[in-house]
Amino acid sequence: MYKCLALLLLVATSCCYAAGEDVYEWNDGEFTEELKRHENTLVMFYAPWCGHCKKLKPEYTKAAEMLRNNDPPITLAKVDCTEGGKDTCSKYQVSGYPTLKIFNRDEMVSEYNGPREASGIAKYMRAQVGPASKELKTAEDLSNFLNSDEVSVVGFFEKDDGKLSAAYHAVTKKLREKVRFAHVIAPEVLKKEELKNNIVLYRPKVLNNKFEPSKLVYEGAESVGDIQSFIKENYYGLVGVRTSENRGEFKNPLVVAYYNVDYTKNPKGTNYWRNRVMKVAKEYPEYNFAISSKDEFQHELNDFGIDYVKGDKPVVLARDERNQKFVLSDEFSLESFELFMNDLQSGSLEPFQKSEPIPEDNSGPVKVAVAKNFDELVTNSDKDVLISFYAPWCGHCKKLAPTFEELAEKLADEDVAIVKMDATANDVPQPFNVQGFPTLYWVPKDAKDSPVKYESGRDLEEFIKFIAKRATKPLKGYDRSGKPVKPAQDEL
């Protein structure tokens with residue numbers, strides 16, 4: 001009888017919980033009641049056939065493991081919208097997969113708009129629940145809080161109602177999604193740490209090194225702005241660990257070493273190369289430095305003409321303030337890296353340019369621009385230019401192509417150039433901003449540094465109206481409204 005009861009309990013448990021995982025699986029019948037049992041829940045609504053869902057699943061599972069003992073508790077669950085969870089997905093208006101939503105008990109709090117990789121999911125969810133700063137009441141609490149692979153910031157205050165404390169708590173609310181915050185007001189802990197009315201940034205042990213302190217004490221004013229700047233300027237240290245989640249926080253001029261960065265499986269090997277990068281980086285404070293996984297950032301390596309990184313040594317790539325690209329062409333060593341930085345600093349390096357060959361025959365109505373002839377055809381052209389940045393695989397680009405050809409033929413005798421460039425095979429210079437395809441810009445001949453994004457219609461008539469109105473020199477074949485001008489002999 002007891003064996004049967006145990007078996008029934010096991011079956012009942014397995015219907016709600018994925019074996020070997022920390023992610024619950026709920027259906028329509030149990031969804032609401034299960035939510036009520038959990039204080040904070042992130043729910044992934046998915047379809048088994050969805051490629052994005054399959055990609056997210058292992059990261060979601062890892063995040064659940066990372067949040068297993070979080071205080072306050074955070075639960076991760078999922079609902080199959082094609083089978084047992086159809087009604088639930090309909091109730092919460094799930095229209096695409098995966099859709100993630102945050103719940104407090106059975107009340108939906110918000111859509112999830114955070115990262116899609118494990119550490120980012122865990123950090124984002126920790127920031128959504130409980131206070132922005134966790135109070136640490138004992139020395140053991142402090143020790144446990146600092147036992148993390150993330151940067152931690154702790155405020156130590158004799159009283160939690162002073163100006164510095166108030167400013168600190170204001171900052172924690174602003175940065176809670178990116179930074180782990182805590183505070184201490186317990187006298188015995190303040191005494192043990194020999195701190196009072198201080199804010200301290202602690203680097204995780206795995207990133208400790210001899211080139212920078214493992215903790216930094218804030219010594220600025222009782223100001224929200226100053227405290228926030230202190231954290232942002234020191235958060236990543238001398239050489240930050242740059243990931244797909246945080247890459248937007250690393251600004252130019254930026255020097256990145258790409259190699260097998262893996263703090264989970266190989267922290268010692270990862271730090272071996274990071275320390276060598278740091279040894280050189282400390283001499284160039286005007287540059288930002290980072291390390292990145294060569295596999296995670298293969299697309300960036302491709303942008304520098306590198307299809308594959310052989311061996312264990314880092315590949316070093318850089319961008320200056322103008323976003324020009326530079327490559328350390330020699331094999332990495334302290335000597336070659338230092339020489340590269342000296343040349344980069346002095347401006348003696350030749351920028352790398354990703355470019356197709358200049359076409360041997362460019363006599364067609366639509367001129368073909370590549371990175372190497374872009375200045376000639378666009379920036380330094382003595383004509384107004386309408387340029388289309390396209391991708392060869394893009395359906396909208398293929399649809400536009402014949403219209404663009406016809407437009408170029410009709411304006412062949414005008415002071416206007418119609419140009420196209422494959423933005424996947426060539427570097428797009430600033431200030432052009434290409435986020436999708438096709439992206440079109442109008443470049444007046446007397447204002448080449450101020451291109452205007454073309455956002456009008458994409459049929460022939462709309463193109464002609466746009467160009468006729470904005471052309472620096474009036475068109476010969478069309479008036480300013482875009483209507484054809486009759487030849488002189490037809491007027492007699």
Side-chain angles (χ1 to χ4, degrees), residues 21-24 35 37-44 56-78 98-105 107-138 140-156 160 168-184 199-207 215 227-228 231-232 234-236 240-249 263-264:
E21 298 180 0
D22 290 285
V23 178
Y24 288 85
L35 277 179
R37 294 179 52 243
H38 298 272
E39 185 177 348
N40 305 289
T41 307
L42 175 64
V43 179
M44 176 174 75
L56 176 61
K57 184 178 178 181
E59 297 296 324
Y60 199 67
T61 300
K62 289 179 190 175
E65 293 170 1
M66 296 169 72
L67 293 168
R68 186 182 296 159
N69 298 314
N70 195 76
D71 181 21
I74 299 172
T75 302
L76 266 61
K78 57 186 178 181
T99 293
L100 287 84
K101 296 176 185 287
I102 301 171
F103 291 81
N104 179 257
R105 300 297 181 187
E107 179 182 352
M108 197 196 94
V109 177
S110 67
E111 300 286 341
Y112 174 88
N113 296 310
R116 296 294 176 103
E117 50 84 29
S119 62
I121 294 170
K123 181 184 286 189
Y124 186 93
M125 287 305 299
R126 288 191 189 107
Q128 302 305 308
V129 300
S133 175
K134 182 178 182 179
E135 183 179 355
L136 308 175
K137 298 181 179 181
T138 67
E140 184 180 7
D141 287 345
L142 176 61
S143 178
N144 290 338
F145 184 77
L146 297 180
N147 185 23
S148 169
D149 290 338
E150 298 179 41
V151 171
S152 303
V153 180
V154 182
F156 296 86
D160 203 22
Y168 175 76
H169 285 295
V171 171
T172 67
K173 292 173 183 176
K174 288 176 176 286
L175 301 181
R176 64 180 295 166
E177 291 184 5
K178 295 182 179 180
V179 183
R180 297 178 76 243
F181 288 105
H183 62 280
V184 174
I199 297 168
V200 184
L201 182 147
Y202 294 88
R203 306 195 190 285
K205 289 181 180 179
V206 71
L207 295 183
K215 67 178 184 180
I227 297 170
Q228 188 167 319
I231 294 170
K232 287 185 174 181
N234 294 288
Y235 188 84
Y236 292 107
V241 181
R242 182 170 167 268
T243 66
S244 56
E245 175 196 346
N246 65 24
R247 64 184 177 182
E249 297 179 37
Y263 277 102
T264 301

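We use all heavy atoms of the structure for the numbers below, so side chains are in, but hydrogens, waters and symmetry mates are not. Sequential numbering from 1 along the given sequence is applied to the chain's residues.
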### Message
Assess the residue pair R203 and K215 against the criterion (side-chain contact (heavy atoms from CB on, under 4.5 Å)); give the C-alpha distance rounded to whole Å, side-chain angles, the decisive distance to 0.1 Å, and a yes or no.
### Response
CA-CA 6 Å; R203 306 195 190 285; K215 67 178 184 180; over 6 Å; no
### Query
So do K232 and E249 actually touch side chain to side chain, heavy atoms under 4.5 Å?
no
### Message
Could you check whether any side-chain N or O of D22 sits under 3.5 Å from a backbone N or O of T61, counting only pairs where one atom can act as donor and the other as acceptor?
### Response
no
### Query
Would a 4.5 Å heavy-atom cut-off, applied to side chains only, mark L146 and K205 as touching?
no
### Message
To the closest 0.5 Å, what do you measure between CD (Q228) and OG1 (T172)?
### Response
10.5 Å
### Task
Kindly say whether A77 contributes a backbone atom to a donor-acceptor pair with the side chain of Y60 at under 3.5 angstrom?
yes
### Message
Just verifying a value: how many Å separate K134 NZ and L142 CG, rounded to the nearest 0.5 Å?
### Response
11.0 Å
### Message
Using every non-hydrogen atom in the two residues, find where F103 and V109 come nearest and quote the distance to one decimal.
### Response
C-CG2, 4.0 Å
### Message
With a 4.5 Å cut-off on side-chain heavy atoms, are V129 and L42 touching?
### Response
no
### Message
Checking side-chain polar atoms at under 3.5 Å, does E117 have a donor or acceptor matched by the opposite partner on S119?
### Response
yes
### Query
Is the closest side-chain heavy-atom distance between I102 and M125 below 4.5 Å?
yes
### Spatial distance of atom NE2 (H183) from atom CG (L136) [nearest 0.5 Å]
7.5 Å
### Query
Do R180 side-chain atoms and F145 backbone N/O form a donor-acceptor pair below 3.5 Å?
yes
### Task
Using the side-chain contact (heavy atoms from CB on, under 4.5 Å) rule, take V151 and V179 through it: C-alpha gap first, then chi angles, then the decisive distance, then the call.
CA-CA 7 Å; V151 171; V179 183; 5.5 Å; no
### Task
Check A63 against A118 and note the closest heavy-atom contact, atom names and distance.
CB-O, 3.6 Å
### Task
Keeping the roles fixed (side chain from N246, backbone from T243), state whether a donor-acceptor pair exists under 3.5 Å.
yes
### Message
For a side-chain contact (heavy atoms from CB on, under 4.5 Å) check, start with the C-alpha distance between I121 and L56, then their side-chain angles and the critical distance, and finish with the verdict.
### Response
CA-CA 11 Å; I121 294 170; L56 176 61; 4.1 Å; yes
### Query
How many angstroms lie between NE2 in H38 and CD1 in I74, if you round to the nearest 0.5 Å?
13.0 Å
### Test side-chain contact (heavy atoms from CB on, under 4.5 Å) applied to N104 and N40, step by step
CA-CA 5 Å; N104 179 257; N40 305 289; 3.4 Å; yes
### Task
Specify the closest pair of heavy atoms between G130 and R176, including all atoms of both residues, with the distance to one decimal.
O-NH2, 2.9 Å
### Query
Does the side chain of V153 reach to within under 4.5 Å of the side chain of I199, using non-hydrogen atoms?
yes
### Message
With a 4.5 Å cut-off on side-chain heavy atoms, are I231 and F181 touching?
### Response
yes
#### Entry: Shortest non-hydrogen contact from A122 toward L67
O-CD2, 3.8 Å
### Query
Which atoms form the tightest heavy-atom contact between Y168 and S133, and what is the distance?
CE2-OG, 3.9 Å
### Message
A side-chain contact here means heavy atoms from C-beta on lying under 4.5 Å apart; do L76 and M44 qualify?
### Response
no
### Query
Which value, rounded to the nearest 0.5 Å, describes the distance between N144 atom CG and D71 atom CG?
11.0 Å
### Message
Does atom NZ (K178) have a neighbourhood of more than 12 heavy atoms from anything else shown, all under 6.0 Å?
### Response
no
## Note on the structure
Minimal heavy-atom distance between E150 and S148, with the atoms involved, is N-OG, 3.0 Å
### Query
If you measure from OH on Y124 to CZ on R116, what distance do you get to the nearest 0.5 Å?
10.5 Å
### Task
With the side chain counted from C-beta on, respond yes when Y112 and Q128 share a heavy-atom pair under 4.5 Å apart, and no when they do not.
no
